[in-house]
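Residue numbers count from 1 along this sequence. Atoms considered below: every heavy atom in the structure, side chains included; atoms not considered: hydrogens, waters and symmetry mates.
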Amino acid sequence: MPEFYGTHVDSPLMLGTAQYPSPAILAQAFRASGAGIATVSLRREGGAGQDFHRLIGGLGVSVLPNTAGCHSVREAVTTAQMARELFGTPWIKLEIIRDDDTLCPDVIALVEAAGILSRDGFQVFPYCTEDLSVCGRLLDAGCEVLMPWGAPIGSGRGLNNAYGLRSLRAHFPRVPLVVDAGIGLPSHAAQAMELGFDAVLLNTAVAKAGDPVAMARAMALAIEAGKLAHDATPIEARDMAAPSTPVLGMAVLA
């Protein structure tokens, strides 16, 4: 099971809490998923009141507050400080967006904010791209986890740059890596785990599915399968065929 900032988590699945049809379905989806972490956006969910916070507390999982909706370093830092006070955790998923159409991370602001928050005692989970230089700077800023996107948030496109994600895994073999955003199908989640990632964070794929509870269970099974496949050391792809049935000892027909 993954470990983040010295804390072991029961499941590689991290599940968001937004957009569900009802609080009851949210709770059922979490139970079906076996998720180990719930992400909560202070800005997007802040108006939900105490009932929402009681619901999240009742899930029995670790909470990862999120700075979703922030567009500047100042916004993100202030939101993180509020989240720490509200949820009583040093964990923060740091998200700073430059463009509302793509929701692409503003990597320059991200590095700056990560440094500020790390020095203030936060344990930062940065939502970033798969760019190696950006990820290196985030680690230099104090981050001990990286959360590169698979595809734009809510797009359901899966892993747009599997090569880049594979390279990131190879370049930082001991850093916990989480594919965050863009997952649409269980096969996408399985692929992320097959690449050797430590966890997958998703929200829309479950919350907006026709049956969120069934999809949550499907994601859990896919992540388990992907992790098992990676640990089993899969065969490498080949350009040419290779016989699976040996010819030694077979009858020779004249």
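H71 and D106 form no side-chain donor-acceptor contact under 3.5 Å, judged by distance and modelled atom types alone. Judged purely by distance below 3.5 Å, without hydrogens or angles, the side chains of D131 and T129 never pair a donor atom with an acceptor atom.
The minimum heavy-atom distance linking A83 with P65 is given by the pair CB-CB, 3.6 Å. Residues L15 and S33 share a closest heavy-atom pair of CD2-OG, 3.7 Å. Smallest separation of non-hydrogen atoms from I153 and A181: CG1-CB, 3.7 Å. In terms of heavy-atom proximity, L110 sits nearest to C128 at CD2-CB, 3.7 Å. Considering every non-hydrogen atom in both V200 and A192, the closest pair reads CG2-CB, 3.8 Å. In terms of heavy-atom proximity, F197 sits nearest to P148 at CE2-CG, 3.9 Å.
Checking each of V179, I183, D180 against L201 for a side-chain contact (heavy atoms from CB on, under 4.5 Å) leaves exactly one that passes, namely D180.
Looking at L26 and L59, their side chains come closer than 4.5 Å, going by heavy atoms from C-beta outward. A heavy-atom distance below 4.5 Å is found between the side chains of W149 and P105. By the 4.5 Å heavy-atom criterion applied to side chains, I92 and F125 are not counted as neighbours. No side-chain heavy atom of I97 sits less than 4.5 Å from a side-chain heavy atom of C104. L146 has its side chain within reach of L139: a pair of non-hydrogen atoms, C-beta onward, lies under 4.5 Å apart. A 4.5 Å side-chain heavy-atom check between V63 and I37 finds every atom pair outside the cut-off. Within the 4.5 Å cutoff, no side-chain heavy atoms of P186 are placed close to those of L221. At least one side-chain heavy atom of L132 sits less than 4.5 Å from a side-chain heavy atom of F172.
Looking at N203, its side chain does come within 3.5 Å of a backbone N or O of A18 through a donor-acceptor pair. Judged by distance alone, with hydrogens and angles left aside, the side-chain atoms of T17 form a donor-acceptor pair with the main-chain N or O of T39 at under 3.5 Å. With hydrogens and angles disregarded, a donor-acceptor distance shorter than 3.5 Å links the side chain of R169 to the backbone of P173. Without hydrogens or angle criteria, S22 side chain to I25 main chain gives a donor-acceptor distance under 3.5 Å. Judged by distance alone, with hydrogens and angles left aside, the side-chain atoms of H188 form a donor-acceptor pair with the main-chain N or O of L185 at under 3.5 Å. Between the side chain of S155 and the backbone N or O of A151 there is no donor-acceptor pair closer than 3.5 Å.
In this structure, M1 is not a member of the same hydrophobic cluster as L13, with clusters built from ILVMFWY side-chain heavy atoms closer than 4.5 Å.
Taken from CD in E112 to OG in S72, the straight-line distance is 9.5 Å, to the nearest 0.5 Å. Atoms CG and CZ, on L117 and R84 in that order, are 8.0 Å from each other to the nearest 0.5 Å. The line from CD of Q191 to CD of E194 is 7.0 Å long, rounded to the nearest 0.5 Å. Between the CD atom in E75 and the CD1 atom in I96 there is a gap of 9.0 Å [rounded to 0.5 Å]. Expressed to the nearest 0.5 Å, how far CG of L177 lies from SG of C135 amounts to 8.0 Å. Taken from OG in S133 to NE2 in H171, the straight-line distance is 9.5 Å, to the nearest 0.5 Å.
Atom CZ of R137 sits in a sparse spot, with 12 or fewer heavy atoms from other residues, nucleotides or ligands closer than 6.0 Å. More than 12 non-hydrogen atoms from other residues, nucleotides or ligands lie less than 6.0 angstrom from CG of N160. Within 6.0 Å of CG in L228 there are more than 12 heavy atoms belonging to other residues, nucleotides or ligands.
We find that K93 and E95 are joined by a salt bridge, their nearest charged nitrogen and carboxylate oxygen being less than 4.0 Å apart.
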- Query: Could you go step by step and tell me if N161 and Y163 meet the side chain to side chain contact (heavy atoms under 4.5 Å, CB included) rule?
  - Reply: CA-CA 5 Å; N161 185 6; Y163 170 80; 3.8 Å; yes
- What do the steps show when you test L64 against M14 for side chain to side chain contact (heavy atoms under 4.5 Å, CB included), and what is the final call? CA-CA 9 Å; L64 176 60; M14 305 163 72; 3.7 Å; yes
- Query: Between M82 and T78, does a side chain to side chain contact (heavy atoms under 4.5 Å, CB included) hold up when you go through it step by step?
  - Reply: CA-CA 6 Å; M82 294 171 62; T78 300; 4.2 Å; yes
- For the pair V9 and E3, evaluate side chain to side chain contact (heavy atoms under 4.5 Å, CB included) and give the outcome as yes or no after the intermediate values. CA-CA 6 Å; V9 180; E3 179 180 338; over 6 Å; no
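Taking the six-membered ring for Trp and the full ring otherwise, Y5 and W91 have centroids separated by 6.0 Å or more.
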